[in-house]
Amino acid sequence: MFRAYLEGVKNILFPSLCFICERKTAGGYLCTQCQEKIEFLQPPLCYFCSRPVADNKTRSCKKCLHKAFAYHRVVCITTYREPMATLIHLFKYKKHSYLDDFFCGLMVSHLHTLGIDLSHYCMITSVPMHPSKYKARGYNQAHLLGKKLANYFKIPFRDDIIYGIKNKPSQVSLQGKEREMNVKDAFMVKDTLEGKKIVLVDDIFTTGATLQQCSSLLRKNGASQIFAITVSKTLADADQTQTRSSCLSKSAKEK
Ligand SMILES: [Zn+2]
Ligand SMILES: [Zn+2]
């Protein structure tokens with residue numbers, strides 16, 4: 001009773017404000033309007049890059065059709081647009097590590113909507129971070145997400161099987177091929193994973209190169225299946241160009 005009273009007083013003195021627009025909220029990080037702006041990626045989507053595909057029977061988009069993937073499927077929960085972009089930025093770079101609960105909630109509820117249950121996987125692991133980066137940041141955001149998910153699905157979380165071996169420049173500043181080259185050999189696995197089905201977690205899907213690299217290491221060490229999951233997916237540069245050029249050709253046709 002007294003606690004509820006204190007909580008009430010606290011809300012009057014220090015109301016919770018939306019992280020995006022600073023309107024008062026009912027207690028969460030986002031107001032209703034900003035919460036509703038979150039774009040969940042709805043199927044049918046490509047199993048390898050989460051781009052929209054024609055129907056539920058089509059597992060691969062045209063771009064992924066002739067490529068080999070070490071992971072069996074990737075699910076990206078939302079687009080990397082507002083309000084997610086700001087929240088993920090706070091989570092990664094501004095020490096708001098407690099946002100792991102919020103992101104885990106989004107992942108769990110969207111997985112439920114998609115009818116995906118991770119509880120039959122043997123373990124969850126996450127994309128590693130170089131120790132020096134870890135030291136500077138104090139936490140690995142992918143690791144926090146993996147741990148929360150593992151907790152929810154009641155399966156083991158392992159942070160000791162893949163680890164970063166060299167400092168890689170921030171992926172944000174790199175493009176396409178250069179980005180793929182960069183993550184090559186950046187991670188090592190130190191375990192035998194014979195026949196294990198593993199969930200691999202990361203925060204953002206950009207080109208998929210990091211997930212591909214980690215998955216292929218896990219597979220080389222015996223893992224039988226990798227299910228990859230990320231909170232958000234960026235529109236890759238190529239996609240944006242494609243969207244822009246298809247708009248151009250459309251308006252050209254309309255003329
Ligand atoms: Zn808001
Ligand atoms: Zn694809």
Side-chain angles (χ1 to χ4, degrees), residues 11 14-91 94 96 98-99 101-103 105-106 109-111 114 116 127 171 175-177 179-180 183 200-202 204-216 219 225-246:
N11 278 339
F14 309 104
S16 302
L17 299 180
C18 174
F19 277 28
I20 307 297
C21 69
E22 299 190 343
R23 282 192 198 103
K24 281 183 194 170
T25 73
Y29 305 125
L30 297 176
C31 67
T32 319
Q33 286 94 324
C34 290
Q35 178 86 28
E36 280 169 1
K37 282 185 195 153
I38 297 177
E39 296 174 335
F40 289 94
L41 285 162
Q42 303 293 352
L45 299 166
C46 173
Y47 265 40
F48 309 105
C49 72
S50 270
R51 279 192 195 94
V53 288
D55 53 58
N56 276 319
K57 288 179 203 139
T58 315
R59 290 198 167 186
S60 178
C61 71
K62 281 179 189 160
K63 283 194 171 182
C64 297
L65 200 56
H66 300 293
K67 288 187 196 163
F69 292 89
Y71 50 87
H72 147 82
R73 182 178 181 180
V74 64
V75 166
C76 307
I77 306 296
T78 71
T79 59
Y80 188 64
R81 292 204 178 109
E82 293 305 348
M84 292 302 285
T86 296
L87 291 180
I88 291 177
H89 183 82
L90 292 172
F91 180 50
K94 301 287 178 189
H96 294 250
Y98 58 86
L99 286 171
D101 263 332
F102 175 79
F103 294 126
L106 294 184
S109 79
H110 199 56
L111 284 173
L114 299 176
I116 297 171
V127 168
Q171 298 256 323
Q175 304 282 330
K177 268 268 175 278
R179 191 181 263 151
E180 276 170 40
V183 287
L200 175 65
V201 181
D202 203 1
I204 305 171
F205 182 104
T206 306
T207 64
T210 310
L211 291 177
Q212 171 66 10
Q213 177 67 16
C214 291
S215 302
S216 101
R219 293 293 301 275
Q225 196 182 85
I226 316 293
F227 176 89
I229 178 165
T230 73
V231 174
S232 266
K233 172 183 162 56
T234 60
L235 276 178
D237 300 328
D239 278 348
Q240 281 168 345
T241 318
Q242 201 182 34
T243 314
R244 224 178 295 133
S245 61
S246 58

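Just so you know, ligand 1 is whichever comes first in the structure, and atom 1 is the first atom listed for that ligand. Values below: all heavy atoms of this structure, side chains included; hydrogens, waters and symmetry mates excluded.
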Show the numbers, then the answer: is there a side-chain contact (heavy atoms from CB on, under 4.5 Å) between Thr206 and Tyr80? CA-CA 9 Å; Thr206 306; Tyr80 188 64; over 6 Å; no

Begin with the C-alpha distance, continue with both residues' side-chain angles, and end with the deciding distance and a verdict on side-chain contact (heavy atoms from CB on, under 4.5 Å) for Val74 and Phe69. CA-CA 10 Å; Val74 64; Phe69 292 89; over 6 Å; no

Check the pair Met84 / Thr79 against side-chain contact (heavy atoms from CB on, under 4.5 Å), numbers first and verdict last. CA-CA 8 Å; Met84 292 302 285; Thr79 59; over 6 Å; no

Would you list the protein N, O or S atoms within less than 2.8 Å of the Zn ion (ligand 2), leaving out water? Cys46 SG, Cys49 SG, Cys61 SG, Cys64 SG

Strictly under 2.8 Å of the Zn ion (ligand 1): which protein N/O/S atoms qualify? Cys18 SG, Cys21 SG, Cys31 SG, Cys34 SG

Tyr29-Tyr98 aromatic ring centre distance below 6.0 Å: yes

For the backbone of [Y] and the side chain of [X], can you confirm whether one donor and one acceptor N or O come within less than 3.5 Å of each other?
X: Thr25; Y: Gly27; value: yes
X: Lys94; Y: His89; value: no
X: His110; Y: Leu41; value: yes

How many angstroms lie between atom CG of Leu111 and atom CD1 of Ile229, to the nearest 0.5 angstrom? 4.0 Å

Between Lys63 and Phe48, is the side-chain contact (heavy atoms from CB on, under 4.5 Å) condition met? List the steps. CA-CA 10 Å; Lys63 283 194 171 182; Phe48 309 105; over 6 Å; no

